[in-house]
Amino acid sequence: MATLMMPGNPTEIIQRPDAPYELTDEEADEWRAVVGSMPADHFMRGNFALLNQYCRHVIAARRVAQLIGQVLEEGDFDREEFGKLLQLQVTETAAITRLLRSMRLTQQSVLRAETKHPRGPARRPWDPE
C-alpha cells in the first residue's frame, strides 16, 4: 500500500487501498491505476465493491472490443453476432459510466472538486476588489 502523509498533521498517514486478491492481475492493474490517479483519501471502504466491479467491467469491455476488432478484420461476419457484440459493448460502457459516476470519478466530478477553494468561492469578475 502506498502511503501519503497529510500536511496538516504529520503523524496522520493515509494509505491507498491495494487491489483485493479476488481480482485478476489485469483487473488489479486497473484498480491501482485508478487509485493512483486520485487523492489518497478519495476512496473509502464503502467504495471498494464499486471499484471492484468497475475494474471487472473495464477488462470485460476490452475483451469485447478485441472481439469486435477481430470480427472487423476478418471482414466476412454474421451481422446478428456482430450486433450482439456491439450490444455487449454498449452494456459494458453503461455499467462503467454508472460506476464512475457513483464513485465521483468522471472528469466533471474531478474538475469540480479541484476548483473548490478552501478559502471560499473564487472572486467573481463583477465583485469589487
Side-chain angles (χ1 to χ4, degrees):
M1 281 194 184
T3 60
L4 173 72
M5 293 187 69
M6 297 301 292
N9 184 354
T11 60
E12 183 181 356
I13 296 176
I14 296 179
Q15 295 185 333
R16 292 182 186 275
D18 200 12
Y21 293 113
E22 69 259 19
L23 295 179
T24 66
D25 289 343
E26 200 172 4
E27 292 164 351
D29 288 343
E30 184 65 26
W31 171 290
R32 286 189 276 288
V34 171
V35 169
S37 71
M38 299 302 292
D41 62 346
H42 183 83
F43 294 100
M44 55 188 138
R45 177 69 181 97
N47 293 130
F48 291 1
L50 293 173
L51 187 54
N52 276 352
Q53 286 305 105
Y54 167 77
C55 295
R56 289 179 176 127
H57 281 289
V58 166
I59 301 311
R62 285 184 193 158
R63 297 288 181 267
V64 171
Q66 289 170 346
L67 290 172
I68 289 171
Q70 288 173 359
V71 167
L72 291 174
E73 282 179 15
E74 292 170 5
D76 186 28
F77 57 86
D78 180 352
R79 288 179 187 228
E80 186 175 326
E81 290 297 317
F82 186 67
K84 288 178 183 178
L85 286 175
L86 291 178
Q87 186 56 48
L88 276 174
Q89 188 174 49
V90 168
T91 302
E92 289 300 329
T93 300
I96 290 168
T97 302
R98 283 192 307 273
L99 290 164
L100 285 173
R101 287 180 180 158
S102 295
M103 293 182 289
R104 298 188 186 272
L105 295 175
T106 62
Q107 187 176 15
Q108 185 176 17
S109 295
V110 173
L111 289 176
R112 282 185 181 166
E114 288 175 356
T115 58
K116 290 182 181 175
H117 300 285
R119 293 182 221 117
R123 187 183 75 75
R124 295 175 295 198
W126 56 85
D127 287 341
E129 289 188 36

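- Between Trp31 and Ala19, the shortest heavy-atom contact is NE1-N, 3.3 Å.
- Considering only heavy atoms from C-beta on, Val35 stays 4.5 Å or farther from Arg32 through its side chain.
- For Ser102, the side-chain hydrogen bond (donor to acceptor under 3.5 Å, both in side chains) criterion is met by no residue, not counting sequence neighbours.
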Side chains of residues 47-54: which donor-acceptor pairs under 3.5 Å do they make with residues two or more places apart or in other chains?
from  : atom 1 : to    : atom 2 : distance (Å)
Asn47 : OD1    : Met44 : N      : 3.3
Asn52 : ND2    : Glu22 : OE2    : 3.0
Gln53 : OE1    : Arg56 : NH1    : 2.6

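- No donor-acceptor pair under 3.5 Å is formed between the side chain of His42 and the backbone N or O of Ser37.
- Taking the side-chain contact (heavy atoms from CB on, under 4.5 Å) definition, one finds that Asp78 meets it with Glu80, Glu81, sequence neighbours left out.
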Identify every side-chain donor-acceptor pair in residues 84-97 under 3.5 Å, counting partners at least two apart or on other chains, and give the distances.
from  : atom 1 : to    : atom 2 : distance (Å)
Thr91 : OG1    : Gln87 : O      : 2.9
Glu92 : OE1    : His57 : ND1    : 2.6
Thr93 : OG1    : Gln89 : O      : 2.9
Thr97 : OG1    : Thr93 : O      : 2.8

Solution key, residues 58-74 side-chain donor-acceptor pairs under 3.5 Å, sequence neighbours excluded:
from  : atom 1 : to    : atom 2 : distance (Å)
Arg62 : NH2    : Glu30 : OE1    : 2.9
Arg63 : NH1    : Glu26 : OE1    : 3.4
Arg63 : NH2    : Glu26 : OE1    : 2.3

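- Screening residues 82-106 for ring-ring contact (aromatic ring centres under 6.0 Å, His included), with sequence neighbours left out, gives Phe77-Phe82.
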Checklist entry - Would Arg16 and Phe43 count as a side chain to side chain contact (heavy atoms under 4.5 Å, CB included) if you check the C-alpha gap in whole Å, the side-chain angles of each, and the deciding distance to 0.1 Å? => result CA-CA 8 Å; Arg16 292 182 186 275; Phe43 294 100; over 6 Å; no
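- Atom CD1 of Ile14 and atom CG of Asp41 lie 4.5 Å apart (nearest 0.5 Å).
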